[in-house]
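Taking it in order: structure first as structure tokens, then the write-up.
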Number of protein chains: 4
Amino acid sequence: MIEFKNSKGIFQQIGDNICDRILSGSLAVGDKVPSVREQAATLGVNHNTIMRTYSELQRDEIITNKRGIGYFVAKEAPSMIREKRRAEFFELSLPEIIKQVELLEIKKSDVTELLNKLNDNENK
Amino acid sequence: MIEFKNSKGIFQQIGDNICDRILSGSLAVGDKVPSVREQAATLGVNHNTIMRTYSELQRDEIITNKRGIGYFVAKEAPSMIREKRRAEFFELSLPEIIKQVELLEIKKSDVTELLNKLNDNENK
Amino acid sequence: MIEFKNSKGIFQQIGDNICDRILSGSLAVGDKVPSVREQAATLGVNHNTIMRTYSELQRDEIITNKRGIGYFVAKEAPSMIREKRRAEFFELSLPEIIKQVELLEIKKSDVTELLNKLNDNENK
Amino acid sequence: MIEFKNSKGIFQQIGDNICDRILSGSLAVGDKVPSVREQAATLGVNHNTIMRTYSELQRDEIITNKRGIGYFVAKEAPSMIREKRRAEFFELSLPEIIKQVELLEIKKSDVTELLNKLNDNENK
DNA sequence: GTGGTCTAGACCACC
DNA sequence: GTGGTCTAGACCACA
């Protein structure tokens, strides 16, 4: 799950992963996130790396810290993450995709084919 | 045009830029690309940086080298670039987009709206 | 061991040397290779030179990189090296030898004499 | 015939080629070698490059210069070239090949197969 | 501590 | 003039 040779930092990949789980509901508001040591052991990573991940998530008010007990998913976490990501999506990701499709003369059908899968999801 | 504080390295941005120019036809197959030191002076960067750019472009068979003369746009450069970028698109960009659309519950209409512009391009 | 006036670049000789050590087993799969700067200090060369060596070895999938930790001998390294060198042998070295033997009218016996030593190896 | 991206200099490749032709008899002792300008035009190379080739061949007493007339294959050229190349062959090329065959565990049959072609040549 | 990038400047071989 | 390699030293991000 962790790509050691990715362009993003490992601490960031882990943070993204936690955000993903919060969005998908696999980590609900108020849930305790794995402890630093536990998380480090699970992922086979230095605990300093996890510390940085949690520190930044806390700074972004996505998790909160109760001293001596652990970190917990903040009340507003899902909406904050969704807000932030939507902004990134519409301002960065999507325009880039559009540009690529035009420049590379990619067939619309190749893209819509994959989008149709999403239609099914919306009907769920 | 070159962003010095981008996440991508300068040498890579310069390479991307050259690829763009090849795709757009501003640099045609067989054309001589600016000499290493000339390019360095033009862009205000070190010649080693350009060397790295050119070396990687040569490795990807986008430019070729004639000893003592310079670098030239390779015969298969446009197709190589297109192929490389398409691979990146379908393997990296698009899956990421799909994932985001699902996770953020973005409306299909918001995406298709932008795709419709591409229909126009196909009719050209 | 490193020849500074050789036709091959220093960075390449160092790479060849590492490959030799992998083939001979002195560097085993999964082993950490010396850190860039440590290696540089050991060999008395610049760290950029080692960076180039390691980058190319990584590109050839002979070593892999774990961010912030170091470089490690890749799983498929020995077979990759053997494959690469065999290709070089049959495509470059051997044809050159054949050409010389023909052109110089060298006696077959002079060559087979040395090849017979190899018979012994095969019987091992 | 000329590889622009070879490790050997172009001037050297051209010289090697001329030596090859002298060995094979395609250029006989006393023959006039192509003029600098003619050779340059034929190979699509700068005439300075040819000048360097001829200068070095002259220095090695493989060709001689008659001012205003041209360059000619020297009397002792074939034997000199053969001598030089044989030395290189037995001291450099062959030992390297032997080393490779052992290290890469290349089958003897793969090598002898190609050597057998030489037997046929010897019978000519 | 690790790698990664860039600069500045030097030196070389080749065309 | 061209590319190519190496050094020395700096700065940064990441673990």
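Just so it is clear: chains get the letters A, B, ... in the order the sequence lines come, proteins before strands, and each one is counted from 1.
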Legend entry - Sidechain N-carboxylate O distance under 4.0 Å for B:Asp31, B:Arg21: no
Inset, instruction - Could you tell me the separation between the NZ atom of B:Lys8 and the C1' atom of E:dC6, rounded to a whole number of Å? - result: 18 Å
Legend entry - Side-chain N or O of D:Arg52 closer than 4.0 Å to phosphate OP1/OP2 of E:dC14: yes
Legend entry - Pairwise 5' ranking along DNA chain E for D:Asn48 and B:Thr49, keeping only the more 5' one: B:Thr49
Legend entry - Atom pair distance, as rounded to whole Å: CD in D:Glu56 and C1' in E:dC14: 11 Å
Inset, instruction - Rounded to the nearest angstrom, tell me the gap between atom CD in B:Gln13 and atom C1' in E:dT5. - result: 12 Å
Inset, instruction - Output the single nucleotide from F:dG9, F:dG3, E:dG4 whose closest atom is nearest the side chain of C:Met51. - result: E:dG4
Inset, instruction - Answer with base, sugar-phosphate or nothing: what part of the nucleic acid does A:Val45 contact at a heavy-atom distance below 4.0 Å? - result: nothing
Legend entry - Euclidean distance, atom CD of residue A:Gln39 to atom P of F:dA15 [Å, nearest integer]: 14 Å
Inset, instruction - To the nearest Å, give me how far apart CZ (A:Phe11) and C1' (E:dG3) are. - result: 15 Å
Inset, instruction - Both distances under 3.5 Å, Watson-Crick or G-U wobble: report the partner of E:dC14, or none. - result: F:dG1
Inset, instruction - Output the single nucleotide from E:dC6, E:dT7, E:dG3 whose closest atom is nearest the side chain of B:Asn46. - result: E:dT7
Inset, instruction - May I ask you to decide if A:Glu3's main-chain N or O and A:Gln13's side chain share a donor-acceptor pair within less than 3.5 Å? - result: yes
Inset, instruction - State whether the distance check finds a donor on one side and an acceptor on the other, under 3.5 Å, for side chain C:Arg37 versus base E:dG3. - result: yes
Legend entry - Given DNA chain F, 5'-ward residue of the pair A:Ile10 and C:Ile10, judged by closest heavy atom: C:Ile10
Legend entry - C:Lys66 NZ/CZ over C:Phe72 ring centroid, <6.0 Å and within 45° of normal: yes
Inset, instruction - Measure the distance from CZ on B:Phe72 to P on E:dC15 and round it to the nearest whole Å. - result: 13 Å
Legend entry - Separation of D:Ile22 CD1 from D:Ile81 CD1 (nearest 0.5 Å): 4.0 Å
Legend entry - Donor-acceptor contact below 3.5 Å, side chain A:Ser55 vs main chain A:Met51: yes
Inset, instruction - Report the distance from atom NZ of A:Lys5 to atom C1' of F:dA13, rounded to the nearest whole Å. - result: 20 Å
Legend entry - Residue whose nearest DNA chain E nucleotide is more 5′ - C:Gln58 or B:Ile69: C:Gln58
Inset, instruction - Mind calculating the distance between CD (B:Gln12) and P (E:dC6) to the nearest angstrom? - result: 9 Å
